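The structure under discussion appears below in the form of structure tokens.
For clarity, every value in this text was computed on a predicted model and none was experimentally measured. In the text below, chain A, chain B and the rest are named by the order of the sequence lines, each starting its count at 1.
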Amino acid sequence: MTVRLADTLTGEVRPLEPLEPGHVRVYTCGPTVYGPAHIGNFRSFLFADLLVRYLRYRGLRVTWAMNLTDIDDKIIRGAAAEGVSTGELADRYATRFLADASALGMTRPDVLPRATEHIPQIADLVARLRDAGHAYQTEDGSWFFRIASWPAYGRLARLDPEAMRVGERVESDEYGKDDVRDFALWKGPKPGEPSWDTPIGPGRPGWHIECSAMSMTHLGPSFDIHTGGVDLVFPHHEDEIAQSEAATGKPFVRTWMHCAHLRLGGEKMAKSKGNIERVADLLAAGVSPRALRYALISVHYRAPLNYTDESLPAAAAAVDRLDALLAALAAYREDRADDSTLPGLLSGVRAGFEAGLDDDLNISEALAALFEGVRELNRRLADRTLSTADAAHAATFLRELDAVLGVAAPPADELEPELAAMLEARAAARSARQWAESDRLRDELAERGIAVEDTRDGQRWRRTVASGG
RNA sequence: GGCGACGUGGCGAAGAGGCCUAACGCGGGGGUCUGCAAAACCCCUAUUCGUCGGUUCGAAUCCGACCGUCGCCUCCA
């Protein structure tokens, strides 16, 4: 079977056929760095991460670009409010974004292009649109895309361009447009705003143009997958298609993938609604980043995900179940013949895992296969039917699948000397049958986030997965 | 108002005509194991899939109506 993905434009789930066989080019609409991103934003970034990880797991080469939009109205406003430059504000939140992303185990994209570093490409794109008759300039030096010149407008969002005149609203800086539906490609210079001198005149990029310019610069005029949150379908991605295809005359994106919203309190999580949670705040409150990551990726990306008080504890428990098995496999020692049925078990789990993910990233089906494997491995561990080598193979196998999920604890890391000493002391107390002392040490270790268990393979420990509660 | 998505156990969620007396995770109850725990394993926890009709030998899965929730149409992941 091959990877099949849903495409917003056609509404179909189609096999992925990269334009260049074996090499998939992916563009993800990243954050506008005007403030800290919330976990709803991260849901869509982690969805893209899951996609990229899976394609790589599948043996495909992936080039992944994710933009950082570092110039726009909100950045200008925020910088003005703080009395700092737009560059300084953007840098600050770009750094913070990358820190949050890496805490959540997000793969670093191959390219992280910034709008302000692609001004020439943006200006060139506008010039091409002008030459092709799709763009016009207004008195203030702004450039607009002429929607009337692009009949395909509205296809992605399934909106009727004719009907869009209803409820029209004219932004204060958009007077002079020929048609209210037209959107800004380039904004003329204004006092107090950053401005770049370019062949199309001075000013700054509009709202959507940077993604067209950067994606085509780094991935080519046509590429395979473009991802983002559903709220970007219109107008952002609709406009990207129009301006890109009108400029190049080539199909822009093969597959458009959109992630549904994260909800809190029944509503879309959004800064404007005030119902947001931020990564750094949650981690500071003691939430395990792996639990948070699991909570955000364990529901299919096209289904709304309701974030509640139970989300994190449930996710933490699931992740801990995986950790516990990995720890048990690592500690397991049994001198006996290999279990001849183990390879069959593992390949069955793999088949289920892949069948799920192949089907438009059906994570639930994949996780079901994984956890069925977890239960069966636990059984065999308890029954001692595995050899030491079997346990090692099983652990390697689980880590291979987890390369896609990115939630399991790293292999037995070095423990802080102080905690290691406590573990040693406890083992000694236990062998001397000093139960009170060994129990006291166990409690103390538990408070420090180390779960200690006594097994036939000896004393075993692992870091607990906290949910902040 | 226009367009669209969705409604499955205590919670999350898969399943999209017969393998469903409904996967998987969380939670709860009982048990086994253990110095005690923990982890793990075993059993139980939806004869039922928003409601009402219809199609069919057969429907959670198809059709219709209704009720409810959410999103987009404006900056937004």
Side-chain angles (χ1 to χ4, degrees), chain A residues 8 11 28-32 34 37-48 72-74 154 157-160 163-164 166-169 171 207 227-236 238 258-263 266-273 294-295 298-325 327-328 331 352 356 359 362-383 430 433-436 438-439 442-443 446 451-456 460-462 464 467:
Chain A
T8 306
T28 294
C29 272
T32 297
Y34 69 102
H38 60 251
I39 61 174
N41 300 321
F42 274 103
R43 181 190 189 197
S44 76
F45 303 140
L46 290 177
F47 138 65
D72 91 319
D73 292 0
K74 278 179 290 203
R158 285 164 229 282
L159 289 172
D160 176 3
M164 285 170 55
V166 182
E168 63 193 46
R169 252 188 265 176
E171 299 268 334
W207 295 305
T227 80
V230 274
D231 46 10
L232 294 183
V233 172
F234 191 89
H236 189 60
E238 189 72 58
H258 292 101
C259 178
H261 286 135
L262 179 69
R263 291 185 196 165
E267 282 187 308
K268 159 188 177 178
M269 181 174 286
K271 199 176 177 188
S272 59
K273 304 203 184 207
Y294 186 93
S298 59
V299 171
H300 184 78
Y301 75 93
R302 284 194 286 129
L305 196 178
N306 218 7
Y307 182 83
T308 71
D309 290 344
E310 288 166 45
S311 302
L312 288 174
V319 170
D320 187 59
R321 180 165 164 80
L322 202 54
D323 284 357
L325 173 58
D359 182 17
N362 185 336
I363 187 82
S364 295
E365 191 182 332
L367 289 173
L370 172 66
F371 280 107
E372 276 173 33
V374 167
R375 190 192 318 118
E376 185 54 33
L377 286 170
N378 272 324
R379 265 189 209 126
R380 297 187 187 199
L381 236 33
D383 295 344
R430 252 195 116 241
R433 305 184 71 80
Q434 293 166 2
W435 309 130
S438 78
D439 290 353
R442 183 171 59 198
D443 291 345
V452 187
E453 291 156 4
D454 301 306
T455 74
R456 185 158 150 189
R460 163 173 103 197
W461 65 272
R462 69 176 190 283
T464 48
S467 60

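Within the structure, every side-chain polar atom (N or O) of A:R302 is placed at least 4.0 Å from both OP1 and OP2 of B:C6. Between A:R321 and the phosphate of B:G25, there is a side-chain N or O to OP1/OP2 separation shorter than 4.0 Å. Side-chain N/O atoms of A:R462 include none lying less than 4.0 angstrom from OP1 or OP2 on B:A38. In this structure, A:K74 does not reach the B:C76 phosphate: none of its side-chain N or O atoms is under 4.0 Å from OP1 or OP2. At the phosphate of B:A5, neither OP1 nor OP2 sits under 4.0 Å from any side-chain N or O atom of A:K268. At B:C24, one or more side-chain N or O atoms of A:R375 fall inside 4.0 Å of OP1 or OP2 (strictly under the cut-off).
Taking the P atoms as reference points, B:G58 lies 26 Å from B:G15, given to the whole Å. For the C1' atom pair drawn from B:C49 and B:A13, the interatomic distance equals 13 Å after rounding to whole Å. Spacing between B:A60 and B:U48 at atom P, rounded to whole Å, works out to 11 Å. Atom name C1', nucleotides B:A14 and B:C24: the rounded distance is 7 Å, in whole Å. Remark: the separation of the P atoms in B:A16 and B:G29 is 34 Å, to the nearest Å. One P atom belongs to B:U45, the other to B:U55, and the distance between them is 35 Å to the nearest Å. With both ends at atom P, the span from B:A65 to B:G4 equals 14 Å, rounded to whole Å. Going from the P atom of B:A40 to that of B:G50 covers 33 Å, rounded to whole Å.
With sequence neighbours left out, the ring-ring contact (aromatic ring centres under 6.0 Å, His included) criterion links A:Y294 to no other residue. Partners of A:H236 by ring-ring contact (aromatic ring centres under 6.0 Å, His included), not counting sequence neighbours, listed by chain and number: A:H208. Not a single side-chain hydrogen bond (donor to acceptor under 3.5 Å, both in side chains) links A:R43 to another residue, sequence neighbours left out. The side-chain hydrogen bond (donor to acceptor under 3.5 Å, both in side chains) test applied to A:Y34 returns no partner, not counting sequence neighbours. Residues satisfying the side-chain hydrogen bond (donor to acceptor under 3.5 Å, both in side chains) test with A:D72, not counting sequence neighbours, are none. Taking A:E267 as the reference, A:K273 meet the salt bridge (charged side-chain N to carboxylate O under 4.0 Å, His left out) condition, with sequence neighbours excluded.
Residue A:L325 is out of contact with every strand shown, counting any heavy-atom pair closer than 4.0 Å. Residue contacts for A:A451: at a heavy-atom cut-off of 4.0 Å it reaches no nucleic acid atom on any strand shown. A:G356 comes within 4.0 angstrom of no nucleic acid atom, judged by non-hydrogen atoms across all strands. Counting any heavy atom pair closer than 4.0 Å across all strands shown, A:G40 reaches a base atom. Residue A:A314 is classed as a sugar-phosphate contact, given heavy-atom separations below 4.0 Å to backbone atoms only. At a threshold of 4.0 angstrom between heavy atoms, the contacts of A:A270 with the nucleic acid are absent.
Each of A:A260 and A:R263 was assigned the nucleotide of RNA chain B with the nearest heavy atom; the assignment lying further toward the 5' end belongs to A:R263.
When the P atom of B:C26 is taken as reference, atom OH of A:Y294 falls 8 Å away, rounded to whole Å. Between A:L159 atom CG and B:U74 atom C1' the separation is 12 Å, expressed in whole Å. If you take CZ of A:F371 and C1' of B:C24, they are 8 Å apart, rounded to a whole angstrom. As rounded to whole Å, 16 Å separates atom P of B:C24 from atom CG of A:L322. Rounded to whole Å, the distance from CG on A:D323 to P on B:A40 is 11 Å. Rounded to an integer number of Å, the gap from A:Y301 OH to B:A5 C1' is 14 Å. Remark: C1' of B:C76 and CZ of A:R43 are 16 Å apart, rounded to the nearest angstrom. As a whole-Å value, the separation of A:F234 CZ from B:A77 P is 17 Å.
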Margin query: Dot-bracket, 5' to 3', for RNA chain B please: Watson-Crick or G-U pairs under 3.5 Å, [ ] where pairs cross earlier ones, | where the partner sits on another strand, dots elsewhere.
Written below: ((((((((.[[[..)..(.....]]]((((((.......))))))....[[[[[..)....]]]]])))))))....
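Within residues 304-313 of chain A, the residues that place at least one heavy atom under 4.0 Å from RNA chain B are, in residue-number order, A:P304, A:E310.
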Between the protein and nucleotides 14-16 of chain B, list the N/O to N/O atom pairs that are separated by less than 3.5 angstrom.
unit_1: B:A14; atom_1: O3'; unit_2: A:N362; atom_2: ND2; d: 3.1
unit_1: B:G15; atom_1: OP1; unit_2: A:N362; atom_2: ND2; d: 2.8

Please list each protein N or O that sits under 3.5 Å from an N or O in nucleotides 29-36 of chain B, with the distance.
unit_1: B:G35; atom_1: N7; unit_2: A:R430; atom_2: NH2; d: 3.3
unit_1: B:G35; atom_1: O6; unit_2: A:R430; atom_2: NE; d: 3.4
unit_1: B:G35; atom_1: N1; unit_2: A:D439; atom_2: OD1; d: 3.0
unit_1: B:G35; atom_1: N2; unit_2: A:D439; atom_2: OD2; d: 2.7
unit_1: B:C36; atom_1: O2; unit_2: A:R442; atom_2: NH2; d: 2.7
unit_1: B:C36; atom_1: N3; unit_2: A:R442; atom_2: NH1; d: 3.0
unit_1: B:C36; atom_1: N3; unit_2: A:R442; atom_2: NH2; d: 3.4
unit_1: B:C36; atom_1: N4; unit_2: A:D454; atom_2: OD2; d: 3.2

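Ranking B:A23, B:C73, B:A40 by closeness to the A:A382 side chain, first place goes to B:A40. You'll find that the side chain of A:S44 is closest to B:A77, out of B:C42, B:A77, B:U74.
Looking at A:K271, its side chain has no donor and acceptor atom pair within 3.5 Å of the base of B:C76.
Although no hydrogens or angles enter the test, the distance criterion places no donor-acceptor pair under 3.5 Å between the side chain of A:D359 and the main chain of A:N362.
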Show me the side-chain donor-acceptor pairs of residues 374-382 of chain A shorter than 3.5 Å, one per line, residues at least two apart or across chains.
unit_1: A:E376; atom_1: OE1; unit_2: A:R379; atom_2: NH1; d: 2.3
unit_1: A:E376; atom_1: OE2; unit_2: A:R380; atom_2: NE; d: 2.9
unit_1: A:N378; atom_1: ND2; unit_2: A:V374; atom_2: O; d: 3.3
unit_1: A:R380; atom_1: NH1; unit_2: A:D339; atom_2: OD2; d: 2.9
unit_1: A:R380; atom_1: NH1; unit_2: A:T341; atom_2: OG1; d: 2.9

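Counting heavy atoms of neighbouring residues, nucleotides and ligands inside a 6.0 Å radius, atom CG of A:D383 exceeds 12 of them.
With values rounded to the nearest 0.5 angstrom, A:I363 atom CD1 is found 10.0 Å from A:H300 atom NE2. Annotation: the span from A:F371 atom CZ to A:L325 atom CG amounts to 10.0 Å, rounded to 0.5 Å. Going from atom CZ of A:R430 over to atom CG of A:D439 covers 9.0 Å, rounded to the nearest 0.5 Å.
In this structure the side chain of A:K268 reaches within 4.5 angstrom of the side chain of A:D231, judged on heavy atoms.
For residues 314-323 of chain A, every residue pair satisfying the salt bridge (Lys or Arg N to Asp or Glu O under 4.0 Å) rule, not counting sequence neighbours, is listed here: A:R290-A:D323, A:D320-A:R462.
For A:F45 against A:G30, the heavy-atom pair with the smallest separation is CE2-CA, 3.7 Å.
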